[in-house]
Amino acid sequence: MSDKKIRCAIYTRKSTEEGLEQEFNSLQAQREACEAYIKSQKHEHWTLLPTAYDDGGYSGGNMDRPALKRLLLDVQNGLIDIIVVYKIDRLTRSLMDFSKIVEVLDKHNASFVSITQHFNTTTSMGRLTLNMLLSFAQFEREVTGERIRDKISASKKKGMWMGGKPPLGYYRKDKKIYPDEEKVQLVCSIFEKYMELKSTTLLKAWLNKQGYNISVGNLNCILRNKAYIGLVGHKGTWYPGEHQGIISKELFEQAQGVMNDNRINRQHYDPKKSLLSGKLYDDKDNAMSPSWSTGSGGKKYRYYVSQALIRKEPGKVGKVSKVSLPKLEQFIDNWFSEFLKDKTKIYPYIQQFGVSKQKEIIKQLSSYPITRDMEKSLIKRVKLHPNKIEIALHQEQVIELLNAIYENRDMRCLKPEELTRGNTYMEPYHIGTIDNGAKVIVGQFTKPDKKQDQNLTKILAQAFKWHQDVLNGASTKQIAVRDKVSYQYVVRLINLGFLSPKIVRAILNGTQPADCTLKKLLSIRTPDWHEQEKIFVK
């Protein structure tokens, strides 16, 4: 064993690339010292391996270094017995990384030597001493990082610009930023045009026409950047800056208000909740997806758009490729209202029932308020042809709805494997006026028959008016004195302002249940809309 050669590999590292171009650099100095040490151990049969493991320009704070990876791989392959370094921190500055390296060395019967600190990981004392030394090295590194971060924080609190790419409209000089006269007007135009268009998408299109290619994401960053009103940010807090603002505070705040409104509206609109999401197709069987945009004046437009149109495949686009979402869904709502009243359409679903059950179901359907959730469960597929709409329903789900109505319970949504049959209905329609570039579908179901209860309608109108008065600051006692009614009457009626929109729509459309009276409405005390609707249809 004493004659066995000890294969030694030298590892060198320098944190920066500065000076590496010199004829005799830091890496070469480390290697020369390590080579001399290995020669001094010739009596121990140490021999230098020819492979160089040099990491120039790599930090010791992590193990993401090409030469280090090659070195550890060669250790694992049994090619190295001892790793020789000038100092321990050349190998790593991280205690955690050091423990990983030592684990690899132990597993493959290799060791580690620092020539200037005389440590050897083959002994327990050597490991203890190395761990202590690396702990202090890591502590020093972390303290240095904290000092740098504290310096940046203190400087930004004083309004100093601490590096990085200057915002559009500024240039950097002598570690400060100054307005760039050539770009200031562009930034001002971006804010002013945004207040006019109230849409970053439309703003991008306008800028493209002016010859500027700025993405919507960058426009959002520009419009949100408080550097334009002379502030410097640090971790979410903004301080008065040394630089000059180029946008007035008033214009900036106005832009923030519009952006906040757009964000709230966008959060409230969930395409997945659209009635026909995942179920609508054009006449060439392209799926039609819900979409939306903001027009001039901030008006919101919602559509169903063919995927072929989105993918820019004109040869695959159907004849009806973009339709107004509200108008199409209203058409479907009205169609269902008529469908439930049409005995010829309903009879095939109830013909297996007894006569008394059939009569009871038909009676209930005459005033049954169907919800959007019910419609979504009933619809299997909807297809738009140039002059007719194809509506396919799940046969088993329709039967389940009719049973639920008869048994006075909630409809159960059937599982996909329970839905095996479908019934298809073809209904005519024609293209109406154009809604911001989208076709508007109209037809014979746009205005369902109404049997509106004028008394209930007036009471609802009064309740909503009083509800709005309270929101505007009036008290219920003031309302009672002003309108010459009792205080108790105001309190009772004002609760109707919290009714479910579906209940209100049913009353206004005249499709409320036959037993719907003011007394029944006032008996609805729960604020939960779903529970209100259960009471309403009982």
Residues in side-chain hydrogen bond (donor to acceptor under 3.5 Å, both in side chains) with [X], at least two apart?
{"X": "K226", "result": "none"}
{"X": "S289", "result": "Q307"}
{"X": "S500", "result": "E533"}
{"X": "D410", "result": "K534"}

Please enumerate all residues that pass salt bridge (charged side-chain N to carboxylate O under 4.0 Å, His left out) together with [X], with sequence neighbours excluded.
{"X": "D64", "answer": "K69"}
{"X": "K249", "answer": "none"}
{"X": "E192", "answer": "none"}
{"X": "K316", "answer": "E313"}

Item to complete: Can you sort out the partners of D180 under side chain to side chain contact (heavy atoms under 4.5 Å, CB included), two or more places apart, ordered by chain and number?
Response: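 Result, side chain to side chain contact (heavy atoms under 4.5 Å, CB included) vs D180: Y171, E182, K183.
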
Sequence neighbours excluded, which residues qualify as ring pair (Phe, Tyr, Trp, His ring centres under 6.0 Å) partners of [X]?
{"X": "Y212", "answer": "none"}
{"X": "Y58", "answer": "none"}
{"X": "F464", "answer": "none"}

Worksheet item: What's the verdict on side chain to side chain contact (heavy atoms under 4.5 Å, CB included) for F339 and I391, showing C-alpha distance, side-chain angles and the deciding distance?
Response: CA-CA 11 Å; F339 171 79; I391 303 172; over 6 Å; no

